[in-house]
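Comments concern the structure below.
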Amino acid sequence: MAPANHSVFLCFSIFLIILLNSRPGIAQTRPVYACDTSSNPGLKNFSFCDTSLDVKTRVDDLVSRLTLPEKIGWLVNAAKGVSRLGIPNYEWWSEALHGVSYVGPGTKFSGLVPGATSFPQVILTAATFNESLFETIGKVVSTEARAMYNVGLAGLTFWSPNVNIFRDPRWGRGQETPGEDPLLSGKYGAAYVRGLQQTDDGDKDKLKVAACCKHYTAYDVDNWKGIQRYTFNALVTQQDLDDTFQPPFKSCVIDGNVASVMCSYNQVNGKPTCGDPDLLSGVIRGQWKLNGYIVTDCDSLNEMFNSQHYTKTAEETAALAMNSGLDLNCGDFLSKNAQSAVNKGLLNETVINKAVSNNFATMMRLGFFDGDPSKQLYGNLGPKDVCTAANQELAREVARQGIVLLKNAKGSLPLSPTAIKSLAVIGPNANVSHTMLGNYEGSPCKYTTPLQGLTASVATVYTPGCADVSCGTAQVDAAKKVAATADAVVLIMGSDQSIERESLDRVDITLPGQQKLLISEVANVSKGPVILVIMSGGGMDIQFAKDDPKISSILWVGFPGEAGGAAIADVVFGYYNPSGRLPMTWYPQSYADKVNMTDMNMRPDPATGYPGRTYRFYKGPTVFSFGDGLSYTDFSHILVEAPKMVSLALEDGHVCRSSSSACKSIDVVEESCTNLAFDVHMRVKNVGGMSGGHTVFLFSSPPQVHNAPQKHLLGFQKVNLASQEEGMVRFSVDVCKDLSLVDENGNKKVALGEHILHVGDLKHSLDLRI
Ligand SMILES: *[C@@H]1O[C@H](CO)[C@@H](O)[C@H](O)[C@H]1NC(C)=O
Ligand SMILES: *[C@@H]1O[C@H](CO)[C@@H](O)[C@H](O)[C@H]1NC(C)=O
Ligand SMILES: *[C@@H]1O[C@H](CO)[C@@H](O)[C@H](O)[C@H]1NC(C)=O
Ligand SMILES: *[C@@H]1O[C@H](CO)[C@@H](O)[C@H](O)[C@H]1NC(C)=O
Ligand SMILES: *[C@@H]1O[C@H](CO)[C@@H](O)[C@H](O)[C@H]1NC(C)=O
Ligand SMILES: *[C@@H]1O[C@H](CO)[C@@H](O)[C@H](O)[C@H]1NC(C)=O
């Protein structure tokens with residue numbers, strides 16, 4: 001969203017808001033809502049305002065009272081009020097990717113609420129591999145969002161999270177996502193959505209705020225060498241679609257019960273996603289049974305018509321999208337073209353009724369049609385509930401749980417805050433504040449910069465080393481001077497939004513400019529430990545630092561949010577034992593040189609030398625791998641329980657019974673599949689001297705049929721263990737759900753034969769037989 005060439009639309013809405021706010025006396029401090037029966041008792045006569053009725057009855061009543069132009073007013077994000085029915089204007093577009101955000105015209109900060117808790121950018125939160133934490137963050141964000149709604153500063157519909165797969169390290173928006181693994185992305189999406197949406201009264205029909213999983217689907221090219229997301233046609237195989245790109249969305253809808261899905265800008269196999277009836281009506285609403293609305297990216301329909309030239313007329317685009325199952329348009333394409341599409345007979349009112357009904361049903365579930373919000377469930381929330389001490393502490397906790405320790409020579413980290421008398425703090429990201437937030441940010445409560453965080457424990461000497469992260473000319477001599485006399489050196493390097501962001505994919509995945517030179521030169525003159533901290537969204541080729549014996553430790557801190565500096569210090573000084581793991585592969589630059597970002601194939605192609613993507617398919621060299629991450633302590637695993645063989649019973653006459661040797665796999669739909677599950681139990685022991693958190697990953701390598709992944713994640717669990725403490729980790733594996741794969745045609749299969757289960761260095765062979 002917020003693309004550059006939509007500035008006309010954006011400026012227009014911002015201008016309007018300023019106008020409204022600058023009129024004395026009407027600066028918003030009250031929420032917008034419909035059915036204000038206390039000031040307009042006549043509204044009591046309308047069934048749609050009657051909270052004792054069910055949502056469908058109320059929606060049907062409302063829609064039956066609206067004229068066609070009034071309905072069309074509710075097909076766009078800047079929805080037009082219907083004053084004769086007591087319905088105000090409503091702005092659908094708010095964002096809350098990692099905290100309530102000012103991106104999107106539905107939310108703004110003011111003197112009343114100057115900031116909201118700014119959690120780490122999602123890629124670092126994913127690195128915590130702490131599923132309950134994902135939901136906890138969502139819950140805090142929705143509380144702050146409701147509090148801001150109550151004083152007229154936010155909407156109720158938030159277009160977050162972003163669950164696209166981080167397929168290529170160059171993607172500028174990879175930072176917004178939970179990484180490259182479909183299972184992790186699905187679990188993150190569903191948990192964050194639950195945190196945002198679930199009300200505390202347990203009423204499943206109600207929504208605290210409405211979340212939105214985006215961008216559906218196979219969207220992960222923004223602007224690479226001039227190839228733009230607005231016109232990019234993603235060529236995706238059915239197999240990759242079904243086992244990589246779709247699973248996070250499916251999990252959002254089915255496991256998270258998300259209230260909305262956003263279709264993307266790009267085409268998939270020649271069809272724009274927002275105009276594809278199979279993807280919208282067929283999959284989202286038909287197969288997954290979305291309870292909510294489908295919205296365009298801002299403004300996908302305009303791109304479909306004006307950039308992709310997909311239809312001859314604007315009315316045809318409007319009709320195609322609506323007839324495909326679209327409900328809401330971010331932008332004004334439908335307010336401009338829906339009526340004439342109806343007039344031309346391309347679009348009928350039944351379809352529009354269905355769309356606005358989905359939109360209104362969502363607003364009903366949010367309580368928008370229940371009258372004065374101050375009398376409702378979250379009516380007591382207000383500015384006092386935003387940026388509370390507990391919420392800000394959670395932001396710091398998420399950052400420290402996410403930070404990944406990638407290298408640690410003996411005796412390097414943690415630094416002793418009493419032994420270190422002087423610490424050199426060097427680098428263009430050492431004294432940054434806004435950079436720590438990443439994109440889709442809001443105004444934070446406050447900042448703790450890395451420099452402030454470190455200076456709270458020891459005396460520091462700071463020099464930036466480069467003017468900015470681009471680091472055109474490194475200030476090597478100044479940095480060396482500071483480093484040479486210090487007991488230890490912390491270099492805080494990496495990127496910011498000028499390097500990787502929405503509408504800007506990278507070409508190089510090395511550190512920008514002369515950062516490498518600065519690091520190597522500084523390390524060479526240092527007499528104590530040298531700690532390299534990479535602040536970035538995507539992975540970096542820092543092989544040189546991994547190999548340099550003078551660089552004793554490496555930390556990746558993502559974009560760590562408002563409390564990032566405090567969390568970095570917590571890890572550096574050992575107040576917190578790092579437990580984060582990489583949610584994406586870190587590739588060497590040679591990968592970026594060789595592979596087209598636009599090649600959507602996940603699977604390698606031996607014929608062309610194409611190496612494939614992510615830990616599931618790519619076998620080439622990596623700088624760091626998915627799941628990498630060290631601790632200040634050590635953990636051991638002992639397998640306690642896992643079957644050696646699992647048998648599938650097949651009914652009489654099944655082809656695989658007569659000639660089982662020819663059978664490589666069986667269909668998951670078959671009855672033999674139901675309720676076939678087993679447990680894997682593991683004892684995990686902290687065998688080191690410091691308490692800490694540990695993520696246990698259960699991977700499986702299936703038999704190599706149907707282009708199966710070389711390995712894939714079945715589950716992960718995180719445990720906290722004191723020094724010498726033992727814990728039990730249990731996975732329940734459903735054979736057909738967890739061990740299955742998708743074949744070339746998108747059918748779910750269970751491969752027969754040897755599946756190798758891996759946990760850490762442990763390997764366990766499991767034979768699946770008939
Ligand atoms: C509401 O209904 C009552 C009773 O049917 C009627 O007397 C009143 O005029 C109605 N009010 C409005 C504003 O329609
Ligand atoms: C309206 O359009 C839809 C989609 O084209 C079609 O299935 C439906 O039959 C139409 N309904 C009416 C009443 O014309
Ligand atoms: C850190 O940055 C802030 C804001 O730009 C600036 O005011 C401050 O002087 C900087 N600190 C140092 C030690 O340079
Ligand atoms: C490291 O410093 C030594 C002198 O102490 C110098 O001879 C050498 O060239 C330096 N190496 C690098 C890579 O700068
Ligand atoms: C990369 O894409 C360009 C442009 O589409 C094409 O000419 C080139 O052959 C591709 N290279 C590889 C290695 O696939
Ligand atoms: C997950 O996060 C929660 C909330 O911060 C924390 O209490 C819990 O200890 C974490 N779990 C693990 C295993 O680290």
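Computed from a prediction, not measured in an experiment: that's the story for all the values here. For this chain, numbers begin at 1 and follow the sequence in order. In each ligand, atom 1 is the first atom listed, and ligand 1 is the first ligand listed.
Between E502 and R229 there is a salt bridge, with a side-chain nitrogen of the basic residue lying less than 4.0 Å from a carboxylate oxygen of the acidic one. Under a 4.0 Å N-O distance rule, the pair D243/R616 qualifies as a salt bridge. Under 4.0 Å is where a charged nitrogen must lie from a carboxylate oxygen, and between D168 and R613 at least one such pair does.
Residues in residues 55-70 take part in these side chain to side chain donor-acceptor pair (under 3.5 Å) pairs, two or more places apart or across chains: D54-T57, K56-D60, R58-D370, D61-R65, T67-E70, E70-R84.
In this structure, the protein non-hydrogen atom closest to atom 1 (C) of ligand 5 is N596 ND2, 1.4 Å. For atom 2 (O) of ligand 2, the nearest non-hydrogen atom of the protein is N348 ND2, 2.3 Å. Of the protein's non-hydrogen atoms, the one nearest atom 6 (C) of ligand 4 is N524 ND2, 4.1 Å. Counting protein heavy atoms only, atom 13 (C) of ligand 2 is closest to T350 OG1, 3.5 Å.
Within a 4.0 Å radius of atom 11 (N) of ligand 5, the protein contributes at least one heavy atom. There is no protein heavy atom less than 4.0 angstrom from atom 4 (C) of ligand 5.
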(request) Take F626 and W586, measure what ring-ring contact (aromatic ring centres under 6.0 Å, His included) needs, and give me the verdict at the end. (result) CA-CA 8 Å; F626 177 86; W586 286 32; over 10 Å; no
